[in-house]
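Encoded as structure tokens, the structure appears first; notes follow it.
Letters go in sequence order (proteins before strands), and every chain restarts at 1. Hydrogens, waters and symmetry mates play no part in the numbers below; they use all other heavy atoms, side chains included. What you see is a predicted model; the values in this text were computed from it and never measured.
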There are 2 protein chains.
Amino acid sequence: MTRFAAIRDEMLRRINDGDWPVGHELPTEPQLAQEFGVARGTIRRAMDALSDQGLILRRKRAGTRVAARQGHASRMTIPIVRLGIEARGDRYSYRLLARDMRPASADFGGPAGVLHIDCLHLANAQPFQIEQRRISLDALPESIDVDFTRESPNEWLVRHIPATDVETTLRADGAQDEVAQHLQLPEGAPVFVLERRTFLNGKALTMVRMSHPAALYSITTHG
Amino acid sequence: MTRFAAIRDEMLRRINDGDWPVGHELPTEPQLAQEFGVARGTIRRAMDALSDQGLILRRKRAGTRVAARQGHASRMTIPIVRLGIEARGDRYSYRLLARDMRPASADFGGPAGVLHIDCLHLANAQPFQIEQRRISLDALPESIDVDFTRESPNEWLVRHIPATDVETTLRADGAQDEVAQHLQLPEGAPVFVLERRTFLNGKALTMVRMSHPAALYSITTHG
DNA sequence: TAGTGGTCTAGACCACAGA
DNA sequence: CTGTGGTCTAGACCACTAG
């Protein structure tokens, strides 16, 4: 156990035990450094961890206070679909369903239009995910020349495109139309849906909806 | 833009542009410190950010290498249900459905048994979440005396119990039995399910399944 | 404007795992 | 063994903002 970790845990204990209740102002960094007998940098490292977890609020001049817990933050990792399947020892396969160009919609794309790609990712030949991808041809004109019959948009984008800002939404839904058909589910069957939008310097690059049969997909986070 | 942030972004650029392809070994920290004209600590801060994102792998003696991207990591916040509802301007209400003690099951609880609590969280009097809570009475004997008709287990636990380790699973499912009944959904209708287990020093404290009508719940992450 | 957190430095020693 | 990352120090100056 390193020193900053021990100090972080002791601060955590004081918060949890009520020694430092919600709204309480913590001692200043130099004061804590003296109390724990360490350098100020070590105190900061401990406090940074608590601040990242949202347990304390730090403001210049106003000091540091215990935050009211408003929820639970944790780190989530969404694997690339092929790797997730292979990691479970299943056989991955892929099928392109549709590929065409369309004009921009109200909320996505520009004058050059949008590349629509629908494809299916399978685990042991069983439908696992339908990927409905939209790529802005203004932002990524080179995507028009990619052969997506062999490589999924997912993989191509991850390998070629830097993602500065990503927004991911997770939700449940009922399977309908093409989704139900290609996932081989009855209409209305529960599916787990991941929607992601990727930006580079504020400009939308791609948009994707990934739908999975509910029974085959879950996400687990630790911390 | 601080110096470490500028260095972090430059490293990010080198990775994304292929100057540092996957598997490439980065210069050592002192070398980078000299290249960028900063102290080693500033280099470390930039590298820590990349390491947290999973973009580089650092091993003692072996140096630092560009990691193969295996997925996308982001930070997720799951709000306390009452606060999430109130944040949207809706009126929160709560109803206790059932409360009883049962013996431990194979995977949860000890000799003292398990407190089962089922309750409903509503937004504008519409069912929003059914919370099926299990509390180990070996770990939290004081929970037996709590009046859960006024305060939900969710809130009581957040306010009173320190959580060192938390495991959260997100999935979709079809509503069945009590879940369908209390959420006022037809059997098999899609629900968004959060399952969470909380540990203190490796000992399981509580376990909860929170089910929401798919149309009312989603989680969005940034970064 | 004074005091707090935010950043950075130049050094030191340690722990770990690869050669 | 030896070199790398991991931790820590004692100091400095800066930026923001509450009072």
Round to a whole Å and report the spacing from [atom1] of [X] to [atom2] of [N].
X: A:Ile43; N: D:dG11; atom1: CD1; atom2: P; result: 16 Å
X: A:Phe4; N: C:dC14; atom1: CZ; atom2: P; result: 19 Å
X: B:Leu57; N: C:dG18; atom1: CG; atom2: C1'; result: 16 Å
X: B:Glu29; N: C:dC14; atom1: CD; atom2: C1'; result: 14 Å
X: A:Arg65; N: C:dT4; atom1: CZ; atom2: P; result: 12 Å
X: A:Phe36; N: D:dC8; atom1: CZ; atom2: C1'; result: 16 Å
X: B:Arg3; N: C:dG6; atom1: CZ; atom2: P; result: 19 Å
X: A:Glu25; N: D:dT17; atom1: CD; atom2: P; result: 16 Å

Next on the checklist: Determine whether a donor-acceptor pair (N or O, by modelled atom type, separation under 3.5 Å) exists between the side chain of B:Asp90 and the backbone of B:Ile85.
Outcome noted: no
Checklist entry - Between A:Arg65 (side chain) and A:Gly23 (backbone), is there a donor-acceptor pair under 3.5 Å? => result yes
Closest to side chain of [X], choosing from [options]:
X: A:Lys60; options: D:dG5, C:dG6, C:dC8; answer: C:dG6
X: B:Thr64; options: C:dT7, D:dT9, D:dG5; answer: D:dG5
X: A:Thr28; options: D:dT9, D:dT4, C:dG5; answer: C:dG5

Next on the checklist: With a cut-off of less than 4.0 Å, is there a side-chain N or O of B:Thr2 near OP1 or OP2 of C:dG6?
Outcome noted: no
Checklist entry - A:Thr42 side chain N/O closer than 4.0 Å to the phosphate oxygens (OP1, OP2) of D:dT9? => result yes
Assign [X] to base, sugar-phosphate, or nothing according to its heavy-atom contacts below 4.0 angstrom with the strands shown.
X: B:Arg40; answer: base
X: A:Arg45; answer: sugar-phosphate
X: A:Arg44; answer: base

Checklist entry - For the side chain of A:Arg59 and the base of D:dA18, is some donor closer than 3.5 Å to an acceptor across the two? => result no
Checklist entry - What about B:Arg61, does its side chain sit under 3.5 Å from the base of D:dT2 through a donor-acceptor pair? => result yes
Checklist entry - Are the ring centres of A:His121 and A:Phe128 closer than 6.0 Å? => result no
Checklist entry - Between B:His212 and B:Tyr217, what is the ring plane arrangement, given parallel below 30°, perpendicular above 60°, and tilted in between? => result parallel
Next on the checklist: Below 30° counts as parallel, above 60° as perpendicular, anything between as tilted: where do the rings of B:Phe148 and B:Trp156 land?
Outcome noted: perpendicular
Item to check | Assigned partner base of D:dG19, Watson-Crick or wobble definition, under 3.5 Å | outcome: none
Checklist outcome for this item: Sorted by position of nearest nucleotide on DNA chain D, 5' first, the leading residue of B:Arg58 and A:Ala62 is B:Arg58
